[in-house]
Amino acid sequence: MTTDQIITRFPPSPTGYLHIGGARTALFNWLFARQRGGKFILRIEDTDRERSSEQATRAIIESMEWLGLDWDEGPYFQSERYDIYNSYIERLIESGQAYHCHCTPEELDTRRAEAKAKGLKPKYDGLCRDLGLGPAPGSVVRLKTPQSGMTQFHDFVKGTITFKNEELDDLILKRSDGSPTYHMAVVADDISLGVNYIIRGDDHVNNTPRQILIYKALGEPIPHYAHVPMILGADKTRLSKRHGATSVLAYRDMGYLPHALLNSLARLGWSYGDQEKFTREELIEKFSLENVGKSAGVFNAEKLLDLNAWYIKESSNESLAGQLKPFLKGLGIEDLDERRLLGAVGTLKERSKTLIEMAESARFYFQKNLQYEENADKKFLTPDVMDLLEDIKGRLNGMAEFSKVELEEIFTLFLDEKKIKLGKIAQPLRVALTGRTVSPGIFEIMEVLGKEEVLDRLSRVIEYIRAK
RNA sequence: GGUCCCAUCGUCUAGCGGUUUAGGAUACUGGCCUCUCACGCCGGAGACACGGGUUCGAUUCCCGUUGGGACUACCA
């Protein structure tokens, strides 16, 4: 049994950051390879030297790493593989499947314009096709495309797609400056790297017959194809900067968990019944090209936010604490007490949708000399709660075990004696301890803060009210 | 213009001829819970683009219309 190993690849061109559309393509390739025990290759398509940058390459790699999409081979750089492309082009010329063309771009333009004027297709007219020309300065190499018949392929998501060969023209394989064109480089790379499953955006559907023709001319086996629908912006047009955050790294910086993004990307275009949440392992196990939908979709940032909140809630305090630190640092909070951080995260994780939000909510735990928010101050730090706060302070001071359970007991007793509801004292207390009207439960906060800190903050607020 | 692809709630989607008063998620919304916020729970509103076929029966199959998208380069 010759079960060929499945080999997939992700070939971004380093002309910008990795956006979520590219990330999803990478994800699908990665999932497919991982599920089938295959190999996943990263290849940087940097043949366009004008637009490619090293910075973009770094951003792409950083994005892939952050998402945890690890590759088994590469990154390969097309700019370093010209010898390979040339050898394939030579093969094609020698076998008569490609030819040298001396038409200049200017000539082509005018002939194209003429053809268009006559209502004909603006494709290459084949002038040099049978001239048996040799290489010359400024000449290019073109593929001798069959002029009749069909090129057909089976697509794992779209089904069978057919093109008439007469629609295709003799595409250029090698430019006049000696560099390979996109189609040539892709095919040569995929052949030489053994790529046998090509999963890419459906903007490549029209490129597929051209590339298949190159495979055929070379006598190489044609890979399997799956064209996944594109991701659109909210206005249903192609994703671009004006659609807000589209780069993977932007989501990292906005405090999203990598798995939340991954999960959300997986569900955009792919589905598994009604299931919405998947672990990494489930994604690998359950992914299938058959369940990838055919139509383009709009990225739903609100849903991502909800997923993120859910994954934050599910994460361990330890893991969150580690991920939260850079965000706290961004707020100027550093060198913090590890125990308190862990406790803080524990109280905040079920009420934070992003790590940024969590960091902001966590501030009060680490700040000395809290600023009381103006409205909170006015509404809750009033003279009539002074006595209650004093009383509580005394009781807390007498506590040996400063835990949530003990605190609740103390308070139950206190409220009972004073014949008041918790609501009466909870908000003033919250403002005293956090400076704000919104926070985790007051007993949780007190436990995390610890007895000493709580007493400090109470003393301070009592002084503050008295001084008013 | 030509070629190719696509079309279920605002959005992501389930549905693969009858089991559907079209299900889930999110967002919106009413209520409950409650020390604030959030979570959670219960409920509401919200979709098969249109027109022809095929069929006993179409959201599901076929054709057309409309609408979107992609490609059409010596970009990738």
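Just so we're on the same page: letters track the sequence lines, and every chain starts at 1. The structure displayed is predicted, hence computed values, not measured ones. Just so it is clear, the values below take in all heavy atoms, side chains as well, and ignore hydrogens, waters and symmetry mates.
As rounded to the nearest Å, B/rU72 and B/rC9 have P atoms that lie 31 Å from one another. A distance of about 28 Å separates the C1' atoms of B/rU8 and B/rC71, rounded to the whole Å. Comparing the P positions of B/rU3 and B/rC63 gives a spacing of 16 Å, expressed to the nearest Å. B/rA14 sits 28 Å from B/rG52 when the P atoms are compared, rounded to a whole Å. Taking atom P on both B/rG2 and B/rU20, the two are 45 Å apart, rounded to the nearest angstrom. Between the C1' atoms of B/rC50 and B/rG68, the separation comes to 15 Å (whole Å). Across B/rA70 and B/rG31, the matching P atoms stand 45 Å from one another, rounded to whole Å. Rounded to a whole angstrom, the distance from the P atom of B/rU34 to that of B/rA45 is 28 Å.
Contacts of A/Arg436 with the nucleic acid, taken as non-hydrogen atoms under 4.0 Å apart, are absent. Among the heavy atoms of the strands lying under 4.0 Å from A/Leu268 are primed sugar atoms or P, OP1, OP2 only; no base atom is included. Looking at heavy-atom distances under 4.0 Å, A/Thr15 makes no contact with the nucleic acid at all. Across all strands, A/Leu422 comes closer than 4.0 Å to base atoms (heavy-atom distances). Residue A/Gly269 is classed as a sugar-phosphate contact, given heavy-atom separations below 4.0 Å to backbone atoms only. Among the heavy atoms of the strands lying under 4.0 Å from A/Ser295 are primed sugar atoms or P, OP1, OP2 only; no base atom is included. Among the heavy atoms of the strands, none lies under 4.0 Å from A/Cys101. Residue contacts for A/Phe443: at a heavy-atom cut-off of 4.0 Å it reaches a base atom on one of the strands shown. Contacts of A/Pro11 with the nucleic acid, taken as non-hydrogen atoms under 4.0 Å apart, are absent. In this structure, A/Ser176 reaches the bases: a heavy-atom distance under 4.0 Å links it to at least one base atom across the strands shown. Contact annotation for A/Gly441: base contact, defined as any heavy-atom pair under 4.0 Å involving a base atom.
Annotation: proximity of residues 404-419 of chain A to RNA chain B (heavy atom, distance under 4.0 Å) is found for no residue.
At B/rC6, one or more side-chain N or O atoms of A/Lys294 fall inside 4.0 Å of OP1 or OP2 (strictly under the cut-off). One finds no side-chain N or O of A/Arg112 lying less than 4.0 angstrom from the OP1 or OP2 phosphate oxygen of B/rG2. The phosphate of B/rA76 (OP1 or OP2) has a side-chain N or O of A/Thr47 nearer than 4.0 angstrom. For B/rA14, one of the phosphate oxygens OP1 or OP2 lies less than 4.0 angstrom from a side-chain nitrogen or oxygen of A/Ser271.
Donor-acceptor pairing under 3.5 Å, judged by distance alone, is present between the side chain of A/Arg430 and the base of B/rC35.
Put simply, CG on A/Asn308 and NZ on A/Lys353 are 9.5 Å apart, with the number rounded to the nearest 0.5 Å.
Along RNA chain B, the nucleotide nearest to A/Ser264 and the one nearest to A/Val438 differ in position, and the one closer to the 5' end is contacted by A/Ser264. When each of A/Ser352 and A/Phe163 is assigned the nucleotide of RNA chain B with its nearest heavy atom, A/Phe163 is the one assigned upstream, toward the 5' end.
Closest to the side chain of A/Pro105, from the set B/rC37, B/rC35, B/rC74, is B/rC74. Checked against B/rC5, B/rU36, B/rC35, the side chain of A/Ile161 finds its nearest nucleotide in B/rC5. Comparing B/rC5, B/rC12, B/rC4 by their closest approach to the side chain of A/Val298 singles out B/rC12.
Salt-bridge check for A/Glu276 with A/Lys303: passed, with a basic side-chain N closer than 4.0 Å to an acidic carboxylate O. A salt bridge is absent between A/Lys118 and A/Glu114: the closest approach of a Lys/Arg side-chain nitrogen to an acidic carboxylate oxygen does not fall below 4.0 angstrom. The pair A/Lys121-A/Glu167 meets the salt-bridge criterion, since a charged nitrogen lies less than 4.0 angstrom from a carboxylate oxygen.
Between the side chains of A/Asn207 and A/Tyr182, no donor-acceptor pair of N or O atoms lies under 3.5 Å.
In terms of the ring-ring contact (aromatic ring centres under 6.0 Å, His included) criterion, residue partners of A/His259 (sequence neighbours excluded) are, by chain and number, A/Tyr311. By the ring-ring contact (aromatic ring centres under 6.0 Å, His included) test, A/His154 is found to be paired with A/Phe156, residues two or more places apart in sequence or in another chain being considered.
The pairing partner recorded for B/rC4 is B/rG69, the criterion being a Watson-Crick or G-U wobble arrangement whose two distances lie under 3.5 angstrom. Under the Watson-Crick or G-U wobble criterion, with both distances below 3.5 Å, B/rG64 is paired with B/rC50. B/rC41 and B/rG31 make up a base pair, with Watson-Crick or G-U wobble contacts both under 3.5 Å. Of all nucleotides present, only B/rU26 satisfies the Watson-Crick or G-U wobble test against B/rG10, with each distance under 3.5 Å.
Ring-centre distance between A/Phe28 and A/Phe287: below the 6.0 Å cut-off.
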All N/O contacts under 3.5 Å from nucleotides 67-71 of chain B to the protein, with atom names and distances to one decimal?
| residue | atom | partner | partner atom | Å |
| --- | --- | --- | --- | --- |
| B/rA70 | O2' | A/Asp203 | O | 3.1 |
| B/rA70 | N3 | A/Asn206 | ND2 | 3.2 |
| B/rC71 | OP1 | A/Arg238 | NH1 | 3.2 |

Restricting to nitrogen or oxygen on both sides, can you table the protein-nucleotides 40-50 of chain B pairs closer than 3.5 Å?
none

Please write out the pairs of protein N or O atoms and N or O atoms of nucleotides 20-26 of chain B separated by less than 3.5 Å, giving the distance to one decimal.
| residue | atom | partner | partner atom | Å |
| --- | --- | --- | --- | --- |
| B/rG23 | N2 | A/Asp274 | OD1 | 2.8 |
| B/rG24 | N2 | A/Glu276 | OE2 | 2.8 |
| B/rA25 | O4' | A/Glu276 | OE2 | 3.2 |
| B/rA25 | N3 | A/Lys303 | NZ | 2.9 |

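A/Leu171 has its CG atom 12 Å from the C1' atom of B/rU72, to the nearest Å. Following rounding to the nearest Å, A/Arg142 (CZ) and B/rA73 (P) show an atom-to-atom distance of 10 Å.
Figure legend: cation-pi geometry between A/Arg436 and A/Phe364 absent, as NZ or CZ is not positioned both under 6.0 Å from the six-membered ring centre and within 45° of its axis.
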